[in-house]
Amino acid sequence: MDVRKFVEILGADFYSGVPDSLLKPLCNYLMNTYGIDKNHHIIAANEGNCVGVAAGYHMATGKVPVVYMQNSGEGNIVNPVASLLNDKVYAIPMIFVVGWRGEPGVHDEPQHIFQGEITVKLLDDLDIKNVIVDKDTTEDELKKTMDDFKNTLSNGKSVAFVIRKGAFSYDEKVKYSNNYTMLREDIIKHIIKVSGTDPIVSTTGKASRELFEAREANNEGHGYDFLTVGSMGHTSSIAMGVALNSPDKKLWCIDGDGSAIMHMGSLAVLAKHNPNMVYILINNEAHETVGGLPTVASNVDWKKLAEAVGFGRVASVDNFEDLDKELNDAKKANQLSFIEVKCALGARDDLGRPTTTAVENKEAFMLQFKR
């Protein structure tokens with residue numbers, strides 16, 4: 001189905017979401033139509049943030065908003081859906097559009113398998129009436145569903161469209177870019193050259209894939225690295241837990257701006273406990289792994305933020321000479337360091353995925369901490 005017809009049938013004029021690869025046609029349509037616009041389209045920090053913003057929109061306008069997300073974001077909406085939206089509380093209606101990664105019977109990455117199995121059940125448990133949309137869903141079927149949903153929405157309840165892979169199409173392209181020059185894959189190569197045999201925790205998405213391939217190219221094995229293939233936003237917390245319990249090792253954390261923004265409060269907790277760790281924020285100002293839509297990172301002064309929450313060593317770099325200097329200085333320092341690395345958008349078309357399982361990755365990583 002052409003996503004423009006889907007939007008027309010929904011009849012809403014406010015969307016808030018976190019980008020998803022299965023919903024790329026919808027995301028690109030919203031960017032082409034509205035861009036980032038406070039009255040029509042807001043890309044939020046996380047899915048719970050989306051729900052809060054959309055709830056406020058409803059109370060100010062009386063209209064029904066749309067929240068879009070990958071199904072991995074269902075966990076982030078449980079609290080506001082149950083304690084804010086539900087008709088036993090404030091009865092705030094909302095339309096959810098959920099990309100169904102890991103749908104049973106459809107091959108997907110390991111982090112999506114269990115989430116895919118429980119996607120519809122979670123919506124049912126949250127009392128969100130839902131329907132599945134696939135490439136064979138007709139406009140008439142969708143209109144009939146939306147007419148039915150309107151009765152549910154009028155009673156202060158929420159509804160959801162669960163979107164299967166390939167259900168939407170959109171023929172207009174959107175080009176995303178920034179003004180930085182360093183590629184993330186090259187940045188990661190510089191990091192591992194300095195980190196040596198120190199443990200690394202890397203964020204979800206292409207960063208972990210590029211780290212895996214860099215190790216392959218160097219014939220170094222993968223025991224030094226924990227690849228956070230899911231659990232977006234929690235990379236710094238995982239790294240902190242490792243670092244605090246292995247103070248004899250220098251721990252390196254490779255994070256992305258979308259991940260850091262998703263649960264930004266974790267940085268304040270990290271700074272408070274000051275482990276022997278280097279936190280590296282690779283900032284391309286985009287959700288690149290799921291299509292390149294912008295984050296709000298371009299509005300953030302990361303140096304000031306890091307200093308404000310308590311990091312002792314803080315730097316921001318946009319070239320390899322400065323990057324190498326900061327990496328080497330951070331390795332020598334016996335304290336928590338924060339390095340923002342300004343990064344261009346882009347990755348190799350033939351970028352692979354880890355060939356080890358998630359459990360194999362965890363077990364190999366844990367071996368270096370055995371006493």
Of all the heavy-atom pairs spanning Ala344 and Asn284, show the shortest one and how long it is. O-CB, 3.9 Å
Under the side chain to side chain contact (heavy atoms under 4.5 Å, CB included) rule, collect the residues that match up with Thr228, sequence neighbours excluded. Val201, Phe226, Ser231, Thr235, Ile238
Would you say Thr295 and Asp257 are linked by a side-chain donor-acceptor pair, where the criterion is simply a distance under 3.5 Å? yes
For Ala45, give me all partners under side chain to side chain contact (heavy atoms under 4.5 Å, CB included), at least two apart in sequence or on another chain. Asn49, Ile261
Restricting to side chain to side chain contact (heavy atoms under 4.5 Å, CB included), what partner residues turn up for Ser237, sequence neighbours left out? Ser266
Consider only side-chain N and O atoms of Lys250 and Asn276, and report whether a donor and an acceptor are under 3.5 Å apart. yes
Can a donor-acceptor pair be found between the side chains of Glu216 and His222 at a distance below 3.5 Å? yes
Write out all pairs satisfying ring-ring contact (aromatic ring centres under 6.0 Å, His included) with one or both partners inside residues 117-155, taking only residues at least two apart or from two chains. Phe149-Phe161
Partners passing side chain to side chain contact (heavy atoms under 4.5 Å, CB included) against His40 (at least two apart in sequence or in another chain): Asp13, Tyr34, Asp37
Return the minimal non-hydrogen interatomic distance between Arg209 and Pro354, and the atom names on each side. CG-CD, 4.0 Å
Nearest non-hydrogen partners of Tyr279 and Leu270, listed with the distance: CD1-CD2, 4.3 Å
Atom pair CD1/SG of Ile43 and Cys50 - distance to nearest 0.5 Å: 9.5 Å
Please list every donor-acceptor pair under 3.5 Å in which a side-chain atom of residues 303-315 meets a protein atom from a residue at least two apart or in another chain.
from, atom 1, to, atom 2, distance (Å)
Arg313, NH1, Ser337, OG, 3.0

Does a side chain donor of either Tyr29 or Glu172 reach within less than 3.5 Å of an acceptor in the other side chain? no
Do you know which of Lys249, Lys193, Lys331 makes salt bridge (Lys or Arg N to Asp or Glu O under 4.0 Å) with Asp198? Lys331
Do Asn71 and Gln115 get their side chains close enough for a donor-acceptor pair, meaning under 3.5 Å? no
Between the side chains of Ser154 and Asn151, is a donor N or O closer than 3.5 angstrom to an acceptor N or O? no
Hydrogens and angles aside, do Ser21 and Arg101 bring a side-chain donor and acceptor to less than 3.5 Å of each other? yes
Side-chain contact test, heavy atoms from C-beta onward, threshold under 4.5 Å: evaluate it for Phe212 versus Asn361 and give yes or no. no
